[in-house]
Amino acid sequence: MPTEQPVVLAPSASYHEVPDEEFDVLRRIGEQWSRSPGGRRLSRAALPADPDLAARVRGSSATSRFERLVRVAEEGFVASSPGTVVATERAIRPPSPLGRIAYLVRRVVVGPPLATTALVQERLSRVVALAVLSSDALSSVAYGTEAMLSVLVLAGAAALPASLPIAAVIVVLMLTVGASYRQTIRAYPRGGGSYIVASDNLGRWVGLVAAAGLMTDYVLTVAVSVAAGVAAMTSALPVLGPDSVALGVAVIALILAANLRGIRQSGAIFAVPTYAFVAGILLLIAVGLGRAASTGWRVAPVPDLPVTETLGPLLLLRAFASGCSAMTGLEAIADGVPAFRPPEWRNARTTLTWMVGLLAVMFAGITVLARLDGAVPSPHETVLSQIAAHTFGRGPLYGYLQAATTLILVLAANTAFSDFPRLLYFLARDGYAPGLFLRLGDRLAYSNGILVLGVAAAGLLVAFQGVTDRLISLYAIGVFLAFTLSQSGMTVRWWRRREPGWARSLPVNACGAALSGCVLVIIAVSKFTEGAWVIVLLIPLVVLLLSRIRSHYVAVERATAPRPPSSERTSTSPSSVVDGALLPSEQAESPDEITHLIVVPVARLDLPALRALAYAASLTPPVLALHVATDDEDAQRIRSSWSAWGDHVPLEVIMSPYRVVAAPIVNYVRALHRPRPDLTITVVLPELVVTQWWQHPLHNQVSLRVRTMLRVHAGTVVTSVPYHLGAG
């Protein structure tokens, strides 16, 4: 049986275990440190300040341990054990006024920060998880039937009866894929998204294709869900139609803010609309079918429809492909197993079963009612709105269902906001996405992934002017690509490993893979000219980008891994090269391997410059002062000041007849370094720190420009010595 151990997705889960070979290299480097003159072991007692922050404040009479700890707590830290202090919420507040204002705004929008120990408490129960992770799939019944009918009406009213057999095939496909994902959850109880399953069983490149498909799917999920929700809103309130795009962007911003508050809190917010929608649809189906039974299942006439295409296999396949948009979101629960309360895999399988059952019933019921009521797509009113008006009238129940539909379609985007950041976490853990996606935000949500998804979806919504039909043609390819690769991976897994129950599970996953693959081909071919070519082109580009990121991280990891001491190296190892060979000054791991030179650029001998020179001289390596003069008078002025000061540090004057200051400093430092690549040059920059934000433009930014330009120069260290105005 699958493991019952709790599943934890935290940044620490991405840390690679240090190999024994690296420990051996570190021990040899340490031995060289102990032999070097400047590498003596420093004791904590020799430090001029207590790193545990428990020392008595100068002039204070506090002597007891309790009083010392109180003092530490006042500073925002709590002493934990020797060598360890714990940062409290006070310690994470920015010190600057603007930083404090931004911090308070974030607290209002997101809420108070949660400690990492609260991860388990942030898990979802099955009731809440059904609302959070199933809202995408369940909400798709609001537009899945309409998407199918939008294609069939091209062949006129005679093509509408084909909606029932097409819907029956889609329901069978739903049940098959749902059963397949139940097997996936059983095999991957710690989370079995398409990326993980495909990578594990079909190889990394296939896994990246699945990930790229899912990434496009999640972005489109948000855009399509919000666009459909706004369409439902404008159907009930046509006056809002001209502002549909702005409404969609505003809705995405609200969902983004809710998700930044954490998965449990956002789940509590979204649970009520989801269950309200399910109850409304089930009531609609029950009342509608009851009324149809009382009238002998009479089919209502449909309006005259112009025939623009012939009813043939290609049209039927296109209608089937559009109707399959009702299956979007089926993979969300398998992707989101870590979000469940323990035992995660059991709760996920139960929730998946309920989701698939509800989805099949609601989709089939809406399609049957659309056929009985003669509802056809209209630019002014959705098919679901027409069915509700015919069944309930335009009274309170109609208003309730429209409101619930609007909310569920809008909040269906929450499924993507739950799974997209988790997918980026897995990619970043494996080195295929930037490491910033590993970070848990203040509320234990992957905030960076949430922000990226919100911005991308809003941009897509604006680009397509919020038109659902235009987006749906792009939508289903990523979904069924992920379905196909995930189920193919599971089929390969059962065949290779022959785990208990494999003979029963393999046919289920093989059938799911075959059906999903057929749908994928149908969608790609039938929707290619309608915009699907964008996704067909985009997915390889995303895969290429992910692989390039991985290549960079591999090169960085090899270049930054500890190497044997220089005495044991005969030449520069290929593993120490990133975008070119490292300079000797950047290959030193022991103090006796470093040759110093400190350069201090000075404009004039004022207090900031004197402080920077004093700081540089206190470090004991040789110091060189540097001045850029724009004319002879300027050069004579600095030399006179230097002579009066006592000429304690060598001074070099750079004449700059073109009056440029920053670039000559940078190029001079590079020129010093070129004949001595073993030299480590530390540039100490005097920096005036003003007290008011409006005072910054009143002073030149030479130090900032020099620091920016030198940062990319190998073998150079840049440090600033601030002089705080008004600090004395």
Side-chain angles (χ1 to χ4, degrees), residues 6-15 92 106-107 109-124 128-129 132-133 135-136 190-196 210-212 214-219 221-222 252-270 329 331-341 344 348 411 413-458 482 542 545-546 549-550 553:
V7 180
V8 178
L9 291 188
S12 59
S14 66
Y15 298 158
I92 66 175
R106 192 163 78 243
R107 293 285 71 80
V109 175
V110 177
L114 297 174
T116 308
T117 51
L119 268 172
V120 176
Q121 284 72 36
E122 288 296 298
R123 302 296 188 83
L124 302 177
V128 176
V132 173
L133 299 177
S135 56
D136 178 21
R190 302 181 69 84
S194 298
Y195 164 67
I196 294 176
L214 281 176
M215 291 169 70
T216 57
D217 171 35
Y218 288 140
V219 175
T221 291
V222 177
I252 290 176
L254 289 175
I255 299 174
L256 187 152
N259 277 274
L260 290 175
R261 297 185 69 88
I263 186 172
R264 186 165 63 94
Q265 193 165 114
S266 64
I269 295 172
F270 301 149
E331 81 290 344
I333 291 178
D335 289 346
V337 172
F340 284 84
R341 290 178 181 172
E344 293 87 354
L411 300 181
N414 188 63
T415 298
F417 277 103
S418 296
D419 282 345
F420 181 83
R422 194 175 293 110
L423 172 62
L424 285 180
Y425 167 87
F426 285 123
L427 287 167
R429 182 196 62 183
D430 296 337
Y432 291 103
L436 60 91
F437 294 118
L438 292 170
R439 182 182 177 275
L440 281 169
D442 292 343
R443 302 286 296 180
L444 298 178
Y446 293 104
S447 306
N448 292 321
I450 292 171
L451 290 170
V452 168
L453 175 60
V455 171
V542 173
L545 174 62
L546 297 177
I549 292 173
R550 171 63 176 168
Y553 278 132

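One is the number of the first residue; the rest follow in order along the sequence.
- What you find for F437 and A428 is that their closest heavy atoms are CB-CB, 4.2 Å.
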Verdict with supporting geometry, D419 and L133, side-chain contact (heavy atoms from CB on, under 4.5 Å): CA-CA 8 Å; D419 282 345; L133 299 177; 4.1 Å; yes
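- What you find for L256 and G454 is that their closest heavy atoms are CD1-CA, 3.7 Å.
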Check the pair F420 / V452 against side-chain contact (heavy atoms from CB on, under 4.5 Å), numbers first and verdict last. CA-CA 9 Å; F420 181 83; V452 168; 4.2 Å; yes
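- Considering every non-hydrogen atom in both S194 and A482, the closest pair reads OG-O, 3.1 Å.
- The aromatic rings of Y432 and Y195 lie perpendicular to each other, with more than 60° between the two planes, well past the 30° mark.
- In terms of heavy atoms, P421 sits closest to G449 at CG-C, 3.9 Å.
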Give the intermediate values and the outcome of side-chain contact (heavy atoms from CB on, under 4.5 Å) for residues L260 and L451. CA-CA 9 Å; L260 290 175; L451 290 170; 4.3 Å; yes
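- Rounding to the nearest 0.5 Å gives a distance of 8.0 Å between OH of Y425 and CG of L440.
- Looking at R439, its side chain never comes within 3.5 Å of a backbone N or O of N448 through a donor-acceptor pair.
- Within the 4.5 Å cutoff, no side-chain heavy atoms of R550 are placed close to those of D430.
- Rounding to the nearest 0.5 Å gives a distance of 8.5 Å between CD1 of I252 and CG of L453.
- N259 CG to Y446 OH: the interatomic distance, rounded to the nearest 0.5 Å, is 14.0 Å.
- Scanning both residues, I333 and A348, for their nearest heavy atoms gives CG2-O, 3.4 Å.
- One distance of note links CG of L427 with CD1 of I196; it measures 9.5 Å at 0.5 Å rounding.
- For the atom pair T216 OG1 and Y218 OH, the distance stands at 10.5 Å (nearest 0.5 Å).
- The CZ atom of F426 sits 12.0 Å away from atom CG of L214, with the distance rounded to the nearest 0.5 Å.
- Of all the heavy atoms in R261 and V109, the pair that sits closest is NH1-O, 2.6 Å.
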